[in-house]
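Everything on this sheet refers to the single structure shown next.
In what follows, chains are A, B, ... by sequence order, proteins preceding strands, each numbered from 1.
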Amino acid sequence: MAKYDPSSQEKHWQQFWLDNGIYHFNPKSPKPIYSIDTPPPTVSGKLHMGHVFSYTHTEVLARYFRLSGHNLYYPFGMDDNGLPTERLVETELGIKGSDLPRNEFIQKCLNTVDQYHQKYRDLWQSLGFSVDWRLEYSTISPEIRTLSQKNFIQLFQKGIAYRQESPALWCSTCQTAVAQAEVEDKQKDSIFYDLVFTLEDNKEILIATTRPELLSACVAVFVNPKDKRYLKLVGTTITTPLGDKVKIFKDDKVQIDKGTGIVMCCTYGDETDLFWKKQYNFDEKIILDKNCKFNQLALSQIQGQSVTQARKTIVDYLNSKNLIKKELAIVHDVGCHERCGTPIEIINTFQWFIKVLDIKEDILKFADQINWYPKTMKSRFIAWVENLKWDWAISRDRFYGISVPVFYCTACGEVVLPKDSELPIDPLSQSTSNTCPKCHSSELKGEHLVFDTWFTSGNSPEINSNLNQNLTDKKIKIPMSLRPQAHDIIRTWAFYTIVLSFYKNNQIPWKDVAISGHLLLRKGEKISKRTGGGTIRPETEISTHSADAIRYAMCSASLGLDTYYDANEIQNGKKLVNKLFNASNFVISALKDYQPQPLNPSALLPIDLWLYQKSLETAQDMAKYFQKYDYSHPRDLSVSFFWENFCDYYLEIIKKRIYELKPSDPQKISAQTTLYYSLQNILTIFSPFIPHITEEIYQSYFASQSGLPRSVHLTSWPKITKEFKITSDHQKIIDEILKIISLVRAEKSKNGINLAQPIDILTINHPWLTSPSLQDFLFDLQGVTRASQIKIQKSPDLSISLKY
RNA sequence: GAGUCUAUAGCUCAGUUGGUUAGAGCGCAUCGUUGACAUCGAUGAGGUCAGAGGUCCGAGUCCUCUUAGACUCACCA
């Protein structure tokens, strides 16, 4: 018999599914809709195994929901605008967005993105994803740009989106404001400099800082109210090493034992500076401009210099005047931009914000209305919301993104909105026919800022519910059924989606959230955004091991847990595929002389009914787990039913009937009927995990049977019914028979004897089994044990003896 | 500094609301294999459930503390 070759067959079935629209959403179906808010992966480079991991989880679950009677709505998007994509294009083409005319740069981005769409789609399809590819979206598409801009305009009109010049978290490499969620801590080497300040009585006093370059922006000095050393200085004036005079204040935030116990407050070195500025209403002294170069307000020597240059310059300068008394090398955590690793500065700029601090309570209430799987992920969300300190900065000083759709009146500065019909709009290259609502001037200047990608992808439920309307005449309703995603973007994507849904619909965006963990390469080694999993590439893994084996391996650990990439699991997947192929071929060959007939429990031998019932129970148990978004238990349940009950026991038990009985014998037909229906169940319950091999087997036999669907993926999840329940008496006997089979095998194995070795007499010593009660099982038992004769003797305990 | 999670066999993990003798796969050992399958079958060894205390008739499971690790947040002058 030909071996199964996944490398050709997987492609073949993927094409078959596409050609036949097997996974198409059917708007006319009466089944309840199950809708998935698939994460649109950011187009920022290659997809890595971490993507494969979490997307496979959703894929497997989606297949279960389809089989269990839902009209599955499974779209797919690509998040292909904004900073991450820009950075990809910049590195790939070796250009800088800032060096090119905006239109030209955007065109280059669009070209690059197109290639990536194809690559991404190819990968998902090579894994056998059951997505309806007619429902594919791209966040840079005109429809979605319109939707995003429209939503912005509504938020602006309600006063929820606002523009403000204020200190914002700023990345000097990316030249843009960033959101709190995009900042991550990094350990950096630094130096604590003890600088000489002068008191009113001309006495010198030391203040430690790691940011001497900000000295020109020093607006105050703080000590701790409990610090007896300095308390008497509060209220007096102090002179900085540069000669500026500032006042000394007291505040609890000062740590007595850190540095010299005295802190300078510079606008702005960190968030504490910002807090003090607001609290004590200091005047700002802004010395860093948007390029993170020092301006005219800074010390003349450092003007025009970057932060690192300036630090060196000013240290040299102060040293030359002997104003640094001590340098202490330290390692400390610095907030950096997660995309590029650059330390974040706080810079004053005009940015657009969405109010989120005002609605923390509402958001927390929404979090309660959503089912979180696993439950513990909800606490991460709550912790994030409770700790928010900034409104959501939604604008970015970048090029390739969805423009903030506003104009400014050059006469009076008023914000002018475009007409809805003018959307999508790029205010830099397009104009609006609206005029200034205040002074009616038509002299307008377009906004150059673009949206943070999350502002658009945060609308994904609405995007999904409006996709491809001619295919989905019934609108997909919000809340959608499921948001699947990984845990690293709880604070971004999940949070922003809930915020936007709150403002837009005052409704939760989805009923359930299923959060995947991360795939780890080795103990403690994450797949980082930079290296993207190194040499382990999804494409190679799939082509060398097969999609089915990879899918199987990805479902090994529980939802939400970080999991190691385990070559063993892939091997197990391969073995399962092989085992299923072999077992099925055996079953199908056993069905050669079989005419399919309706399944009638009373026409089945007890052991046959037992096996069939077991297949239904397994399906039912799996369903319980699947409904809780648990894919790993169902996987193991299906494997152990198939491997142990079906292969190791049942197939061996019925071989004698298959080989030796006439086609017309009811006992043979009973076995064949059981095989016929059980194998269908087995294929269905395995199909979410290993969709290719199950389709291969299904197509080789079942697809041509009358009354059966044309694909295993269109079958129904097996349902348990009372009529297929065996009696408890039979169950008891079967339990004993399985034990006896096991004992015979052990006995043979212990003596180094081939399991197929015939036995003259098998003697069963048993407390209550009798010949009549074994009547229905005797033939099978002879077959599986190879015993020509079976004797039963009464005995307090179960034991067996063999005579060869 | 705060929060969340994790700690079970050599490895990777199960262990549902506390209930007999703690499970699986891999690995290991021994044996077997001409009738679906060596990507196989059978049998077996291997665990004081991180540590200490507590509640209970009974704790891997609940509570407290300790230790180690991961993640998130805060601090980052």
B:U61 and B:G18, which share atom name P, separated by this distance in whole Å:
11 Å

B:C26 and B:C40: how far apart are their P atoms, nearest whole angstrom?
8 Å

In terms of the nearest nucleotide of RNA chain B, which residue is placed more toward the 5' end: A:Ser584 or A:Asp566?
A:Asp566

With heavy atoms under 4.0 Å as the rule, sort A:Val587 into base, sugar-phosphate or nothing.
nothing

Between A:Val513, A:Ile498, A:Ile515, which is the residue that forms a side-chain contact (heavy atoms from CB on, under 4.5 Å) with A:Phe381?
A:Ile498

Just the rounded figure in Å: distance from P of B:U72 to CH2 of A:Trp493.
19 Å

Look at A:Lys655 and B:A36 and indicate whether a side-chain polar atom (N or O) is within less than 4.0 Å of OP1 or OP2.
yes

With rounding to the closest Å, how many angstrom separate the P atoms on B:G41 and B:A24?
15 Å

At 4.0 Å (heavy atoms only), tell me whether A:Ser640 reaches a base, stays on the sugar-phosphate, or touches nothing.
nothing

Any base atoms under 4.0 Å from A:Gly259, or only sugar-phosphate, or nothing? Heavy atoms, all strands.
nothing

From C-beta outward on A:Ser379, which listed nucleotide comes closest to its side chain: B:A36, B:G25, B:U4?
B:U4

Over 60° means perpendicular and under 30° means parallel, so classify the ring planes of A:Phe586 and A:Tyr659, tilted if in between.
perpendicular

A:Lys326 atom NZ: more than 12 heavy-atom contacts under 6.0 Å
no

Report the base-pairing partner of B:U34 (Watson-Crick or G-U wobble, both distances below 3.5 angstrom), or none.
none

Touch class at under 4.0 angstrom, heavy-atom based, for A:Leu561 against every strand present
sugar-phosphate

Rounded to whole Å, CG of A:Asp562 lies from C1' of B:C5 at a distance of 10 Å

What does A:Ala583 touch in the nucleic acid at a heavy-atom separation under 4.0 angstrom: a base, only the sugar-phosphate, or nothing?
base

I need the CG-P distance between A:Leu755 and B:G41, as an integer number of Å.
11 Å

Would you mind reading off the distance between A:Leu651 atom CG and B:G41 atom C1', rounded to a whole angstrom?
13 Å

Starting the side chain at C-beta, find the nucleotide from B:G35, B:U39, B:A36 nearest to A:Phe586.
B:A36

Please tell me which of the listed nucleotides, B:G35, B:C40, B:C31, lies nearest to the side chain of A:Ser749?
B:C31

Can you tell me how the ring of A:Tyr701 sits relative to the ring of A:Tyr676, calling it parallel under 30°, perpendicular over 60° and tilted otherwise?
perpendicular

Can you sort out which residues in residues 622-638 of chain A have a heavy atom within less than 4.0 Å of RNA chain B? Ascending by number, please.
A:Tyr625, A:His633

For atom OH of A:Tyr4 and atom P of B:C37, their distance in whole Å:
19 Å

For a quick check of understanding: with a heavy-atom distance under 4.0 Å over all strands, which category does A:Lys750 fall into, base, sugar-phosphate or nothing?
nothing

Taking atom C1' in both B:U4 and B:C11, what distance in whole Å separates the two?
27 Å

Test: side-chain hydrogen bond (donor to acceptor under 3.5 Å, both in side chains). Region: residues 256-268 of chain A. Which pairs qualify, not counting sequence neighbours?
A:Tyr268-A:Glu284

Please report the distance separating the C1' of B:A70 from the corresponding atom of B:A50, rounded so that it comes out in whole Å.
16 Å

Rounding to an integer number of angstrom, what distance separates B:G15 and B:U20 when you compare their C1' atoms?
16 Å

Complementary nucleotide for B:C28 - Watson-Crick or wobble, under 3.5 Å:
B:G44

What's the closest nucleotide to the side chain of A:Lys575 if the choices are B:A36, B:A74, B:C40?
B:C40

Taking the C1' atom of each, how far is B:U8 from B:U48, in whole Å?
12 Å

For B:C75, what is the paired nucleotide under Watson-Crick or G-U wobble rules, both distances under 3.5 Å?
none

For the NZ atom on A:Lys325, are there more than 12 heavy atoms of other groups (residues, nucleotides or ligands in this structure) within a distance under 6.0 Å?
yes

Parallel, tilted or perpendicular for A:Tyr280 and A:Phe249, by the 30°/60° rule?
tilted

Remember a base hit wins even if backbone is also touched, and classify A:Cys647 as base, sugar-phosphate or nothing at under 4.0 Å, heavy atoms.
base

note: A:Lys375, atom NZ; B:U4, atom C1'; distance rounded to Å ~ 15 Å

Applying a 3.5 Å limit to both distances, which nucleotide forms a Watson-Crick or G-U wobble pair with B:G53?
B:C63

Where the side chain of A:Ser558 is concerned, which of B:G41, B:A14, B:C75 is the nearest nucleotide?
B:A14

For A:Gly335, which contact category applies under a 4.0 Å heavy-atom criterion: base, sugar-phosphate, or nothing?
base

Hey, does A:Trp276 reach any base, or is it just sugar-phosphate, or nothing, if we go heavy atoms under 4.0 Å?
nothing

Is the backbone of A:Asn224 close enough, under 3.5 Å, to the side chain of A:Lys250 for a donor and an acceptor to pair up by distance?
no

Rounded to whole Å, how long is the line connecting atom CG of A:Asp648 with atom C1' of B:A24?
14 Å

Determine, for A:Phe779 and A:Lys656, whether the Lys NZ or Arg CZ falls below 6.0 Å from the six-membered ring centre while staying within 45 degrees of the axis.
yes

Respond yes when some side-chain nitrogen or oxygen of A:Trp643 is under 4.0 Å from OP1 or OP2 of B:G41, and no when none is.
yes

pair_partner(B:U4), Watson-Crick or wobble, both distances < 3.5 Å, evaluates to B:A70

Report the nucleotide, chosen from B:U43, B:C71, B:C5, that has the shortest atom-to-atom distance to any side-chain atom of A:Arg380.
B:C71

From the list B:A36, B:G25, B:U39, which nucleotide is the closest neighbour of the side chain of A:Lys3?
B:U39

Run the numbers on A:Arg657 and A:Asp608 for side-chain contact (heavy atoms from CB on, under 4.5 Å), then give the verdict.
CA-CA 12 Å; A:Arg657 275 193 266 160; A:Asp608 296 337; 2.8 Å; yes

Identify which nucleotide among B:C26, B:U12, B:C37 has an atom closest to any side-chain atom of A:Asn568, counting heavy atoms from C-beta outward.
B:C26

Can you check the A:Glu386 CD to B:A74 C1' distance for me, whole Å?
14 Å

Which comes earlier along RNA chain B counting from the 5' end, the contact point of A:Ile330 or that of A:Thr563, where each point is its nearest nucleotide?
A:Thr563

Paired with B:A9 by Watson-Crick or G-U wobble geometry, both distances under 3.5 Å: which nucleotide is it?
none

Quick one: label A:Gln255 by what it contacts on the DNA or RNA (base, sugar-phosphate, nothing), any heavy atom closer than 4.0 Å.
base

If you check the A:Glu271 side chain, which of B:C75, B:A36, B:G41 turns out closest?
B:C75

Base, sugar-phosphate, or nothing: which does A:Glu747 touch, judged by heavy atoms less than 4.0 Å apart?
nothing

Side-chain donor or acceptor of A:Gln9 paired with backbone N/O of A:Tyr4 under 3.5 Å
no

Can you tell me how far C1' in B:G47 sits from the matching atom in B:G23, rounded to whole Å?
11 Å

Angle between ring planes, A:Phe646 versus A:Phe642, binned at 30° and 60°: parallel, tilted or perpendicular?
parallel

Nucleotide nearest A:Asn578 (side chain, heavy atoms from C-beta), chosen from B:A14, B:U39, B:A42
B:U39

